[in-house]
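These notes are about the structure you will find just below.
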Number of protein chains: 2
Amino acid sequence: MKASDNQALKLGEVDFGILNELTGYWLRWAQLNTYKNIRCFFFDEFDITPGLFGVLEVVGCNPGLTQTAVAKAIGNDRSAMVAIVDKLEKRGLIERKPSETDRRSNALFLTSAGKVFRDRVAGRAWDHNEEFFSMLTAEEHQQFVGLLKRVALAGPSTEAKQ
Amino acid sequence: MKASDNQALKLGEVDFGILNELTGYWLRWAQLNTYKNIRCFFFDEFDITPGLFGVLEVVGCNPGLTQTAVAKAIGNDRSAMVAIVDKLEKRGLIERKPSETDRRSNALFLTSAGKVFRDRVAGRAWDHNEEFFSMLTAEEHQQFVGLLKRVALAGPSTEAKQ
DNA sequence: TACAATAGTTGCACACTTAAACAATTAGCG
DNA sequence: CGCTAATTGTTTAAGTGTGCAACTATTGTA
């Protein structure tokens, strides 16, 4: 831990005090650094945001899901889904079909173009994932994901996801 | 709800596809889960945000730093510092003093109340950190922080910090 | 002395998040 | 059956955080 303290301190000669010892602080930096990179990757190569791709992937894997169901799955409000589905629909990647069993809800499906697009993005996303985390060995990377999953699913938010 | 259950899969039964295999996805969930908890902790016990405490800690460890220097250290725009320092100043925790060597810049210092507050928060923050990450063993926690630091400091953002 | 650069500040645009409200529709219960 | 409560998609508003362009005062430099 002291070796990494030196590493952190050399960044601008500013003392971060206890922040250096708070896991949440480093988790935030790691997420920020990673997300910035991923966002650029998605934008440059596919002109899409990670959030939009997430919806595309969930709908692709679960055809017929309602907007509210997708919102719950990815963890945001159903009102936010309106703009998201609008964007994806406007790009011809997704389709709102009136549900056959409930006239209040829309069943979501990928269009054929959406399926092609998703497959293309998914393949590159996986490659990019391996590329970006190449600062870790394969074993470390695997350890990292394992730890992240446990942190992500700990506490009261666990119920929200499963 | 029974009608929609036919088509809409229950939450636990949603297939997240390739998202489950993307490290950035799990990193985001881990950060969201952690941050939500930390934010509540800071708010409930001290009526402050993690971001404000970060500035308080950096200024406390580096008395006399200018607003721009703090902004660079914590990684956001210097225009954002105005509102942050305003809030901390309004609460009597921080002080803007005109720099003696450069009349353009403000030197930042903790007030005596600010020092007491920071010490109190810092102590509890460390305890809370250990509490929250108790889903990991001490060894795993240490591993986790080590990996996070490497991910946080990898790539072009490293240069951006110094 | 002139010109470029910097610090703090303000304002704006954009995205994201929350919450509230509303119409249409469905579910639950007497 | 009929009434009430709940749910779906949607819109709107408020709050938040971020990035960018200006503006002033001041400093550094040629």
Side-chain angles (χ1 to χ4, degrees), chain A residues 28-29 31-33 35-36 38-40 42-43 47-55 59 64-90 94-108 157 160, chain B residues 1-8 10-11 28-29 31-33 35-36 39-40 42-43 48-55 59 64-90 94-108 157 160:
Chain A
R28 179 171 172 273
W29 270 105
Q31 207 275 330
L32 240 55
N33 191 22
Y35 185 72
K36 205 161 277 189
I38 291 178
R39 201 170 105 218
C40 285
F42 273 90
F43 182 77
D47 191 29
I48 202 174
T49 66
L52 287 183
F53 171 69
V55 171
V59 171
L65 229 53
T66 67
Q67 294 184 192
T68 301
V70 175
K72 277 181 189 166
I74 65 176
N76 60 8
D77 200 86
R78 69 185 197 276
S79 64
M81 285 298 300
V82 179
I84 293 175
V85 177
D86 280 352
K87 283 179 192 169
L88 292 172
E89 205 175 32
K90 210 164 285 179
I94 222 174
E95 214 177 355
R96 281 178 168 105
K97 287 187 182 174
S99 166
E100 297 175 356
T101 59
D102 188 340
R103 283 190 294 175
R104 291 171 300 179
S105 55
N106 299 326
L108 300 178
S157 88
Chain B
M1 177 68 91
K2 275 169 192 167
S4 40
D5 267 352
N6 295 339
Q7 283 216 339
K10 281 189 179 171
L11 253 88
R28 179 171 171 274
W29 271 104
Q31 207 275 328
L32 240 56
N33 191 22
Y35 185 71
K36 205 161 277 187
R39 202 170 102 217
C40 286
F42 273 91
F43 181 78
I48 202 174
T49 66
L52 287 183
F53 171 68
V55 171
V59 171
L65 227 53
T66 68
Q67 295 185 191
T68 301
V70 175
K72 277 181 190 167
I74 66 176
N76 61 8
D77 200 86
R78 70 185 196 274
S79 64
M81 287 297 301
V82 180
I84 294 175
V85 177
D86 280 352
K87 284 179 190 167
L88 293 173
E89 206 175 31
K90 210 165 284 180
I94 221 174
E95 214 178 355
R96 280 179 169 106
K97 288 187 182 175
S99 165
E100 298 174 355
T101 59
D102 188 339
R103 283 190 295 176
R104 290 171 301 182
S105 56
N106 299 327
L108 300 178
S157 89

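Values in this document were obtained by computation on a predicted structure and should not be read as measured data. Below, chains carry the letters A, B, ... as their sequence lines are ordered, and counting in each starts from 1.
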Pairing residues for D102(B) by the salt bridge (Lys or Arg N to Asp or Glu O under 4.0 Å) criterion, not counting sequence neighbours: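 R104(B).
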Applying salt bridge (Lys or Arg N to Asp or Glu O under 4.0 Å), which residue pairs with at least one partner in residues 76-89 of chain B are found, sequence neighbours left out?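 Of all non-adjacent pairs touching residues 76-89 of chain B, those that pass salt bridge (Lys or Arg N to Asp or Glu O under 4.0 Å) are D86(B)-R96(B), E89(B)-R96(B).
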Residues in side chain to side chain contact (heavy atoms under 4.5 Å, CB included) contact with A107(B), at least two apart in sequence or another chain: F109(B)
I'd like to check the side chain to side chain contact (heavy atoms under 4.5 Å, CB included) partners of F43(A); sequence neighbours left out, ordered by chain and number.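 Per chain and number, F43(A) pairs via side chain to side chain contact (heavy atoms under 4.5 Å, CB included) with D47(A).
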Whole-Å distance separating the [atom1] atom of [X] from the [atom2] atom of [N]:
{"X": "F42(A)", "N": "dA15(C)", "atom1": "CZ", "atom2": "C1'", "value": "18 Å"}
{"X": "I84(B)", "N": "dG19(D)", "atom1": "CD1", "atom2": "C1'", "value": "14 Å"}
{"X": "F43(B)", "N": "dG15(D)", "atom1": "CZ", "atom2": "C1'", "value": "13 Å"}
{"X": "K87(A)", "N": "dT10(D)", "atom1": "NZ", "atom2": "C1'", "value": "16 Å"}
{"X": "R39(B)", "N": "dC16(C)", "atom1": "CZ", "atom2": "P", "value": "17 Å"}
{"X": "N76(B)", "N": "dT18(D)", "atom1": "CG", "atom2": "C1'", "value": "9 Å"}

Which residues pass the side chain to side chain donor-acceptor pair (under 3.5 Å) test with S99(B), not counting sequence neighbours? T101(B)
Reading nucleotides 4-11 of chain C from the 5' end, what letters show protein touch, with B for base, S for backbone sugar-phosphate only, - for no heavy atom under 4.0 Å? -BBBBBB-
Taking the nucleotide of DNA chain C with the nearest heavy atom to each, does R103(A) or T49(A) sit closer to the 5' end?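 Residue closer to the 5' terminus by nearest nucleotide: T49(A).
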What distance do I84(A) atom CD1 and N76(A) atom CG have between them, rounded to the nearest 0.5 Å?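 The CG atom of N76(A) is 5.5 Å from CD1 of I84(A), to the nearest 0.5 Å.
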